[in-house]
Participant: 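Quick one: the structure is below, questions incoming.
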Number of protein chains: 2
Amino acid sequence: MTAPLPNLTKNQSLVFETLAEAGAPLSAYTILDQLREHGFRAPLQVYRALDKLLERGLIHRLESLNAFVACQHKHSHGHQGATVFVICGTCGDVNELHDQVINDQIMRRAVEQKFQVESAMVELRGRCSGCAD
Amino acid sequence: MTAPLPNLTKNQSLVFETLAEAGAPLSAYTILDQLREHGFRAPLQVYRALDKLLERGLIHRLESLNAFVACQHKHSHGHQGATVFVICGTCGDVNELHDQVINDQIMRRAVEQKFQVESAMVELRGRCSGCAD
DNA sequence: GTCGATATGTTATGACATTACATCATATTT
DNA sequence: AAATATGATGTAATGTCATAACATATCGAC
Ligand SMILES: [Zn+2]
Ligand SMILES: [Zn+2]
Ligand SMILES: [Zn+2]
Ligand SMILES: [Zn+2]
């Protein structure tokens, strides 16, 4: 029984659709450029929408790329625990995994140190099977 | 039998010492400011030194902070596998862990996808025991 | 309608990182 | 020693990512 999501605002929808249709990570400024024809003029319009979309878990931020990507979980179930991003440096393809073993171990180590985890980032850089040597 | 490390250059040493003495993450521009009295004038002097220190594993880059930190392994043994950084958002304290379970599982999942891992980053953000509510 | 909360528009600024080119130091070869 | 190659350094300019500050607009609760 989850509360129904309030609708996205116009700007939030535009930003989300841009990311969802790209199916790949985009920087905030790339999103801005793609939305200029829809009236976007300034970075803050993008960043504000991104912040709200992040809060709702509809998108993710890839820290190692300074870029954003639509969540690959179509049904918007909450993300419990760490998300693992597998990023090909050659073709730019990104895959999102959730791994219970990694998540459990992260939490085990955090508890050991009495560390309260607010967010966990796992990003793998390398080459996907299609780009292998 | 590891080959002896060639000595660091003057700039590399200055940057490394700055990070080692700070014992905390510093941005490239913070390092630059601290080294102005030693003749540093431009960001590139810092970034070039950081690149070399990263190559040798003497320092790490914290992707979620856009900052750099000296490796906490005093003996400069190679880092095999994922390094886990535990970062307190309140006091800024950073701890570096190496966890075989996390590393093994990352590699297991990568192999499943035929993904060749070049680097793996795990960063936990939250509150350390000293900063708990 | 008034008020409060949220969203938006706009300008300017701050923070992080690289490109391009010139110069200097050092090691190797001839 | 002179010539060459390699890596390090100095400097200016530029590019990329993100936020501060302030004004205006929209919408629902009362
Ligand atoms: Zn997701
Ligand atoms: Zn690829
Ligand atoms: Zn280390
Ligand atoms: Zn702390």
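Here is how names work: the chains are called A, B, and so on, in the same order as the sequence lines, proteins then strands, and each is numbered from 1.
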Participant: Is the distance between the ring centroids of B:F68 and B:H60 under 6.0 Å?
Facilitator: no

Participant: So, OP1 or OP2 of D:dG10: does either fall under 4.0 Å of a side-chain N or O from B:N11?
Facilitator: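 Checking B:N11 against D:dG10: at least one side-chain N or O falls below 4.0 Å of OP1 or OP2.
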
Participant: Can you tell me the distance, in whole Å, between the CD1 atom of A:I31 and the P atom of D:dC17?
Facilitator: 11 Å

Participant: Assess whether side chain to side chain contact (heavy atoms under 4.5 Å, CB included) is satisfied between B:V84 and A:R109, documenting all intermediate values.
Facilitator: CA-CA 10 Å; B:V84 179; A:R109 297 300 301 264; over 6 Å; no

Participant: Nearest whole angstrom, please: distance from the P of C:dC16 to the CG of B:L50.
Facilitator: 13 Å

Participant: CG of B:L14 versus C1' of D:dG10: gap in Å, rounded?
Facilitator: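 From B:L14 CG to D:dG10 C1': 15 Å.
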
Participant: Taking the side chain as everything from C-beta on, heavy atoms only, tell me whether B:L97 gets closer than 4.5 Å to B:T83.
Facilitator: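 Sidechains of B:T83 and B:L97: no contact.
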
Participant: By centroid distance (under 5.5 Å) and plane angle (under 30°), are A:Y29 and D:dC17 in a stacked arrangement?
Facilitator: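 Stacking between A:Y29 and D:dC17: present.
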
Participant: Quick one: does A:Q72's side chain have a donor or acceptor within less than 3.5 Å of a partner on A:V94's backbone?
Facilitator: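 Yes: the side chain of A:Q72 pairs with the backbone of A:V94.
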
Participant: Report yes if a side-chain nitrogen or oxygen of B:R61 is closer than 4.0 Å to either non-bridging phosphate oxygen (OP1 or OP2) of C:dA17; otherwise report no.
Facilitator: yes

Participant: Using the closest heavy atom to pick a nucleotide of DNA chain C for each, name whichever of B:L44 or B:L65 lands nearer the 5' end.
Facilitator: B:L65

Participant: Ignoring the backbone of B:K52, work out which of C:dA17, D:dA8, C:dC16 is nearest its side chain.
Facilitator: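 Closest of the options to the side chain of B:K52: D:dA8.
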
Participant: Given B:R56 and B:L8, is the side chain to side chain contact (heavy atoms under 4.5 Å, CB included) satisfied, shown in steps?
Facilitator: CA-CA 10 Å; B:R56 297 208 191 170; B:L8 296 177; 3.4 Å; yes

Participant: Please tell me which of the listed nucleotides, C:dT8, C:dA17, D:dT11, lies nearest to the side chain of A:R48?
Facilitator: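 So the nucleotide nearest the side chain must be C:dT8.
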
Participant: Separation of A:R41 atom CZ from C:dA12 atom C1', in whole Å?
Facilitator: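 The distance from CZ of A:R41 to C1' of C:dA12 comes to 15 Å, rounded to the nearest Å.
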
Participant: Which nucleotide, D:dC22, D:dA18, C:dA20, lies nearest any side-chain atom of A:F68?
Facilitator: D:dA18

Participant: Would you say a side-chain N or O of B:T9 is under 4.0 Å from OP1 or OP2 of D:dT9?
Facilitator: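 For D:dT9, OP1/OP2 do have a side-chain N/O of B:T9 under 4.0 Å.
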
Participant: Taking CG from B:L32 and C1' from D:dT11, how many angstroms apart are they, rounded to a whole number?
Facilitator: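 Atom-to-atom, B:L32 to D:dT11, this comes out as 13 Å.
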
Participant: Which sits closer to the 5' end of DNA chain D, B:G39 or A:A67, going by the nucleotide each is nearest to?
Facilitator: B:G39

Participant: Expressed in angstrom and rounded to an integer, what is the separation of A:K10 atom NZ from D:dT26 atom C1'?
Facilitator: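 So the NZ-C1' distance, A:K10 to D:dT26, works out to 13 Å.
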
Participant: Roughly how many Å is it from CD in B:E63 to C1' in D:dC17, rounded to a whole number?
Facilitator: 14 Å

Participant: Is there a side-chain contact between B:Q45 and the phosphate of D:dG10, meaning an N or O under 4.0 Å from OP1 or OP2?
Facilitator: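 For B:Q45, the contact criterion (side-chain N or O under 4.0 Å from OP1 or OP2 of D:dG10) is met.
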
Participant: Assign each of B:A42 and B:N66 to its nearest nucleotide of DNA chain D by heavy atoms, then name whichever residue's nucleotide is nearer the 5' end.
Facilitator: B:A42

Participant: D:dG10 P sits how many Å from B:Q12 CD, rounded?
Facilitator: 12 Å

